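Scroll down for the structure; my scribbles are underneath it.
The shown structure was predicted, so the numbers you read here are calculated from the model rather than taken from an experiment. In listed order, ligands and their atoms are each counted from 1.
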Amino acid sequence: MYIKQIFINKKDFLDLLLLADEEEKMIDKYIDNSDMFLLFDNDLIGSIVIHKINEKTYEIKNLAIYKKYQNKGYGKSLINLVFNNHYKKCERIIVGTGDSPLTLPFYEKCGFKIYDKIDNFFLDNYNKPIYENGVLLKDMIYLEKYIRRNI
Ligand SMILES: CC(C)(COP(=O)(O)OP(=O)(O)OC[C@H]1O[C@@H](n2cnc3c(N)ncnc32)[C@H](O)[C@@H]1OP(=O)(O)O)[C@@H](O)C(=O)NCCC(=O)NCCS
């Protein structure tokens with residue numbers, strides 16, 4: 001398993017990006033000023049997009065694993081691989097996600113804890129309603145994870 005950073009033509013992987021963020025205009029807001037990495041394990045497995053907030057804090061803007069490779073540990077491994085290898089000074093990772101049974105438990109399993117919420121974010125910022133597992137997404141839930149570095 002290995003990761004590869006993509007510097008140009010990030011939207012060649014729009015199919016992956018749209019798995020995690022259904023509206024292209026929302027992706028356009030962060031894709032150019034964020035880092036993108038692909039995960040390979042023989043095949044292309046998934047991708048992650050990370051935005052620097054400051055020296056110590058980074059935000060996961062988009063994380064997607066192809067459907068056929070989900071629930072095999074790749075999502076969790078991708079987060080760990082990227083932050084262990086590319087963001088050695090990072091002490092805090094944040095991520096915003098819908099109040100969804102498909103994503104919140106995943107991030108909690110990865111060690112993230114809820115710390116904030118933006119009411120009606122999805123209703124106010126997306127052109128059409130977003131449903132996940134039959135649930136209408138309304139609020140943006142923010143989670144954070146502190147990384148302990150063994151120096
Ligand atoms: C969300 C997503 C990235 C998770 O990646 P994944 O590779 O399927 O997840 P993993 O197999 O690494 O799961 C890690 C842990 O979370 C748990 N988990 C994952 N999804 C879960 C769910 N819906 N409910 C409960 N637990 C879940 C796994 O059981 C595993 O637990 P373990 O560490 O105890 O074994 C992936 O499903 C995906 O790409 N979904 C579509 C795009 C998306 O919604 N992206 C997130 C928005 S930014």
Side-chain angles (χ1 to χ4, degrees), residues 1-6 10-54 57-87 90 92-148:
M1 200 190 309
Y2 65 94
I3 49 174
K4 183 178 172 195
Q5 186 165 3
I6 300 298
K10 295 173 190 164
K11 285 181 70 180
D12 282 357
F13 303 95
L14 190 61
D15 60 334
L16 271 170
L17 295 166
L18 287 170
L19 276 183
D21 201 344
E22 284 188 22
E23 267 183 35
E24 196 174 339
K25 79 169 172 63
M26 297 301 278
I27 294 169
D28 288 338
K29 289 186 182 176
Y30 56 76
I31 194 73
D32 287 336
N33 56 13
S34 300
D35 299 335
M36 182 172 186
F37 300 85
L38 302 177
L39 177 69
F40 292 89
D41 191 2
N42 294 317
D43 200 1
L44 173 58
I45 305 291
S47 63
I48 190 166
V49 177
I50 294 164
H51 179 69
K52 180 177 180 177
I53 307 284
N54 60 46
T57 305
Y58 290 79
E59 179 174 359
I60 298 174
K61 301 296 286 187
N62 191 301
L63 170 63
I65 301 296
Y66 278 128
K67 183 105 187 137
K68 65 176 173 176
Y69 293 122
Q70 288 176 8
N71 290 309
K72 297 180 190 300
Y74 284 120
K76 193 175 184 178
S77 297
L78 178 52
I79 294 174
N80 290 336
L81 272 173
V82 161
F83 281 95
N84 287 337
N85 291 307
H86 289 267
Y87 301 98
C90 174
R92 179 177 179 243
I93 311 170
I94 64 170
V95 63
T97 187
D99 191 355
S100 154
L102 292 182
T103 51
L104 273 184
F106 162 73
Y107 284 115
E108 287 175 331
K109 274 284 174 99
C110 292
F112 287 78
K113 295 203 175 353
I114 295 173
Y115 75 95
D116 202 0
K117 170 171 94 124
I118 302 180
D119 291 333
N120 297 322
F121 179 88
F122 288 93
L123 303 180
D124 294 344
N125 289 282
Y126 284 75
N127 283 332
K128 42 178 199 160
I130 313 257
Y131 288 90
E132 261 185 32
N133 229 17
V135 178
L136 174 67
L137 298 191
K138 288 197 260 187
D139 306 332
M140 176 76 98
I141 311 292
Y142 276 95
L143 301 101
E144 65 185 351
K145 178 178 179 172
Y146 284 89
I147 306 178
R148 262 187 227 110

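Under a 3.5 Å cut-off, the side chain of N62 and the backbone N or O of L17 do form a donor-acceptor pair. In this structure, the side chain of Q70 engages the main chain of I65 through a donor-acceptor pair within 3.5 Å.
Contact annotation: the side chain of R92 never approaches that of I147 to less than 4.5 Å [non-hydrogen atoms, C-beta and beyond].
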Short N or O contacts of ligand 1 with protein, under 3.5 Å, listed by atom name?
from     : atom 1 : to   : atom 2 : distance (Å)
ligand 1 : 7 (O)  : G75  : N      : 2.8
ligand 1 : 8 (O)  : N71  : N      : 2.8
ligand 1 : 11 (O) : K72  : N      : 3.2
ligand 1 : 11 (O) : G73  : N      : 2.7
ligand 1 : 12 (O) : G75  : N      : 3.2
ligand 1 : 12 (O) : K76  : N      : 2.9
ligand 1 : 23 (N) : P101 : O      : 3.2
ligand 1 : 23 (N) : L102 : O      : 3.4
ligand 1 : 33 (O) : K76  : NZ     : 2.8
ligand 1 : 34 (O) : K109 : NZ     : 3.2
ligand 1 : 39 (O) : I65  : N      : 2.7
ligand 1 : 39 (O) : I65  : O      : 3.4
ligand 1 : 40 (N) : Q70  : NE2    : 3.4
ligand 1 : 45 (N) : L63  : O      : 2.7

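Side-chain atoms of Y66 and D15 form a donor-acceptor pair, as typed in the model, at a separation below 3.5 Å. With hydrogens and angles left out, the side-chain atoms of D21 and Y126 include a donor and acceptor closer than 3.5 Å.
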Pair up each side-chain donor or acceptor in residues 31-40 with any protein partner under 3.5 Å, not counting sequence neighbours, and list the distances.
from : atom 1 : to  : atom 2 : distance (Å)
S34  : OG     : Y30 : O      : 2.7
D35  : OD2    : Y87 : OH     : 2.5

